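Contents: one structure, followed by commentary.
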Amino acid sequence: MRRKPTLKGFKYRIYPTDAQMVFFAKTFGCCRFVWNKMLDEKLCAYKKKERLKRFTPTKYKEEFPFLREVDSLALCNVQLQIEKAFKDHFRNRKQFKLPKFKKKRDKQSYTTNNTHNSIKVDFEKGLLYLPKLREGVKIELHRGFDGKIKSVTVSKTNDGKYFASILVETANRRNKVVEPKSKACGIDLGLEHFVTVTNDLGSYKVEHPKYLLKAEERLRRLQRSLSRKQKDSKNSEKARLRLARQHAYITNARNDFLHKLSKAIIDENQVVVVEDINVKGLLKTRLAKSISDSGWSKFLTYLKYKAEWYGRTFIQVDRFFPSSKLCHRCGRKNEDLALHDRTWCCPACGEKHDRDVNASINLYLVGLGRPEVTPVEQVLVDDRSPNGLPKKPSCNETGSLITKC
Ligand SMILES: [Zn+2]
């Protein structure tokens, strides 16, 4: 059976020459220019309640000949992006606001497509060939890929680094699939700890990485330092650059942590159960800072697509499933449990609970009830220690962050 090809993105650092940097700057600028022009026309029509007519960037080329100097596909992609932004907005006005005008300070990027082999990668020479850049850009190919290149997005970060994200059509979408050691696993998302996990092998808590906490402290310091500098001065420019670098470091470090943790969990378990925490709703509350920083929504996204890649089951339980309030031992629901109660005693059976561990066990039990886990195996709950807690704690590659429960 032939698998439907999947698209996979590979991101590499690139090192353009001075001339290439000028070309990129021109292309970024033209894309921004076309975006703002198109947006202006579309918004005018929208305000007058006229029908938004479809048009291509070509119509601007007569009046603004400098648009001819850059990659025309990049401009076409701007048209597609802006059309998508409007389509999203009309489909769901609450979630997708009207698109905004772009400023020079925003993230700079452009996307171009591969037509008739216009984009190529020379793995031996370490060169990336793009339309209008025949001589090739130096690229650091830290990992390989095979498959057909669909498109490339060139971007420049606030701290002056260049990257190319190459979208590849590939038949083999995943790395090696390992046999899961555990049938199911329940994950409780916490504030004190990043997550609490229970699976066949036991329960453990994963802390927020210390280096991230430290990096965030430094970020706040840099923010304060920037706000004290005189606007548009040389020193403020230097402070802005330091801040941008720190932002980039934190994003990378956090993504790395989330990727490793989600991969370890997917490798270890057949069925992964999490609560549906309604991240959007929570973001409006006082807990917002901690939630947006902890990267929960990204973590859930990673778990979801990795589960799909590696043939695991990912389940988000109903938002109203009381995972924290249920006693995992006798099933009694403790209505009086408050958010600040970190431990509690079950009024029915007297079992003492750690709030997060209990919640993750309840989610784990949901996982055990899934058809992927056969009914025969469910009866084997006797294997576990008398209080219903699984016996052996687990360990994985996030090692030092884990506290066994
Ligand atoms: Zn109980």
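Treat the numbers as computed from the prediction; the structure is a model and nothing was measured. Whatever order the structure lists ligands and atoms in, that order sets their numbers, starting from 1.
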Taking CG in Asn92 as the centre, count heavy atoms belonging to other residues, nucleotides or ligands within less than 6.0 Å. Is the count above 12?
yes

State whether the number of non-hydrogen atoms from other residues, nucleotides or ligands found under 6.0 Å of Lys138 atom NZ is greater than 12.
no

Side-chain donor-acceptor contact under 3.5 Å, Asn255 with Lys298:
yes

What is the number of protein N/O/S atoms located under 2.8 Å from the Zn ion (ligand 1)?
4

Give a yes or no on whether Glu50 atom CD has more than 12 heavy-atom contacts from other residues, nucleotides or ligands under 6.0 Å away.
yes

Hey, does the side chain of Asn77 reach the backbone of Leu73 with a donor-acceptor pair shorter than 3.5 angstrom?
yes

Are Phe194 and Phe257 close enough that their ring centers fall under 6.0 Å?
yes

